[in-house]
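Whatever order the structure lists them in is the order used to number ligands and atoms, beginning at 1. Positions are given from 1, in the same order as the sequence printed here.
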Amino acid sequence: MSNKVINWYPGHMEKARRQMIENLKAVDFIIEVRDARIPSASANPILKELANGKKKLIILSKKDLADETITKQWEESIKKEGDMVLTMNLQADKNIKQEIIKASNILTKEKRERMIARGIRPRAMRAMACGIPNSGKSTLINRIAGKNRAKAEDRPGVTRGLSWIQADPTLDILDTPGVLWPKFEDQKTGVLLAATGAINEDILDIKDIALMTIHIIQELYPNLIEDYFHIEEGIPSTDYLKAIAKDKNFLKENNQMDEKRSAHYFLNSLRKGDFGRISLEKPDEE
Ligand SMILES: Nc1nc2c(ncn2[C@@H]2O[C@H](COP(=O)(O)OP(=O)(O)OP(=O)(O)O)[C@@H](O)[C@H]2O)c(=O)[nH]1
Ligand SMILES: [Mg+2]
């Protein structure tokens, strides 16, 4: 299997990264939107460097797709690192705006008190929303601002420029394009980002990604994939795409099993939540 396919860092992300650094000085705190199914793989390591002591609110998005028990473990582990964390279904949860404003008030309390003490009239607080592509940044901003202010679609790379949005009289949020980073720590991180839809599919070897994702799921949820696609015991995992094609009757014109179609079908099913609520990584056990 090839490695190079998921090591990507297009020019517009480098530009966005530079713009984010420029704007960091102007913000009071950072909102990092991570995917609840992959809270570590979707955490931008660059942000750790850049955050520069700024307070961070971590949003674990897409909780409706993630495993509840594992998500609770992640919440604990993020809190231990000192960040504030909220887990959300950004499409359906009711009190998103209230929760974000409440968190903003907590995170900026000292700052506002300092301003008042110095006789400065408190202004709206400023937060920068950032995170990997397709994690839900624009959806979050729309839920807070109450309108379709930011363009949100189910593919990575929808937001291109940075834009300030008045979310509330007390809070302005900067919507930013999803960014990845020049090099993933390990191959698994790249696979997890690809599997959950953070990387544009055009540049991926879809069969490799599907097979590696199946392997990851097998470790966390034994038999889930086998039962779902009626895969017989003993079939080597490298033949799983053939087995899925057999189950779904995906045949090419020459009557060969269409493994590529299986790969797309498998990944789409995963992204829609057809296998149930599953997480793709667990926090390190201590
Ligand atoms: N199931 C589910 N889908 C969500 C949730 N949050 C966002 N989505 C969907 O995920 C897709 C991406 O959302 P966006 O808000 O465009 O993501 P983004 O982070 O702004 O993406 P880029 O601008 O491309 O970086 C959209 O189809 C959303 O409807 C959630 O909590 N649950
Ligand atoms: Mg966006």
Atom NE2 of H264: over 12 foreign heavy atoms under 6.0 Å: yes
K15 atom NZ, over 12 foreign heavy atoms within 6.0 Å: no
G131 touching ligand 1 at heavy-atom level, < 4.0 angstrom: no
Looking at ligand 1, does any of its N/O atoms fall within less than 3.5 Å of an N/O of [X]?
X    : result
S61  : no
P177 : no
L140 : no
P133 : no
K62  : yes

Could you identify the single nearest non-hydrogen protein atom to [atom] and state the distance to 0.1 Å?
atom                    : answer
atom 7 (C) of ligand 1  : T139 OG1, 3.7 Å
atom 6 (N) of ligand 1  : L90 CB, 3.4 Å
atom 9 (C) of ligand 1  : Q91 NE2, 3.9 Å
atom 32 (N) of ligand 1 : D64 OD1, 2.8 Å

NZ/NE/NH1/NH2 to OD/OE distance under 4.0 Å, D205 and K260: no
K272 with D274: basic N within carboxylate O range, under 4.0 Å: yes
Going by distance alone, is a donor N or O of one side chain under 3.5 Å from an acceptor N or O of the other, for [X] and [Y]?
X    : Y    : answer
N142 : T139 : no
D175 : S138 : yes
D67  : Y221 : yes
Q218 : Y240 : yes

Element-labelled atoms of ligand 1 that are located less than 4.0 Å from some non-hydrogen atom of N89: 30 (C), 31 (O), 32 (N)
Working for salt bridge (charged side-chain N to carboxylate O under 4.0 Å, His left out), residues R261 and E259: CA-CA 5 Å; R261 191 167 166 205; E259 293 181 73; over 6 Å; no
Protein N, O or S atoms lying under 2.8 Å from the Mg ion (ligand 2), listed by chain and number: S138 OG, T159 OG1
Ring centres under 6.0 angstrom apart (F275, F266): yes
Qualifying salt bridge (Lys or Arg N to Asp or Glu O under 4.0 Å) pairs with a residue from residues 93-105, counting only residues at least two apart or across chains: K63-D93, K97-D168
Pick from K151, E153, K272, R155: the one approaching atom 16 (O) of ligand 1 most closely through a non-hydrogen atom: E153
Structural part of V33 in contact with ligand 1, heavy atom criterion under 4.0 angstrom: neither
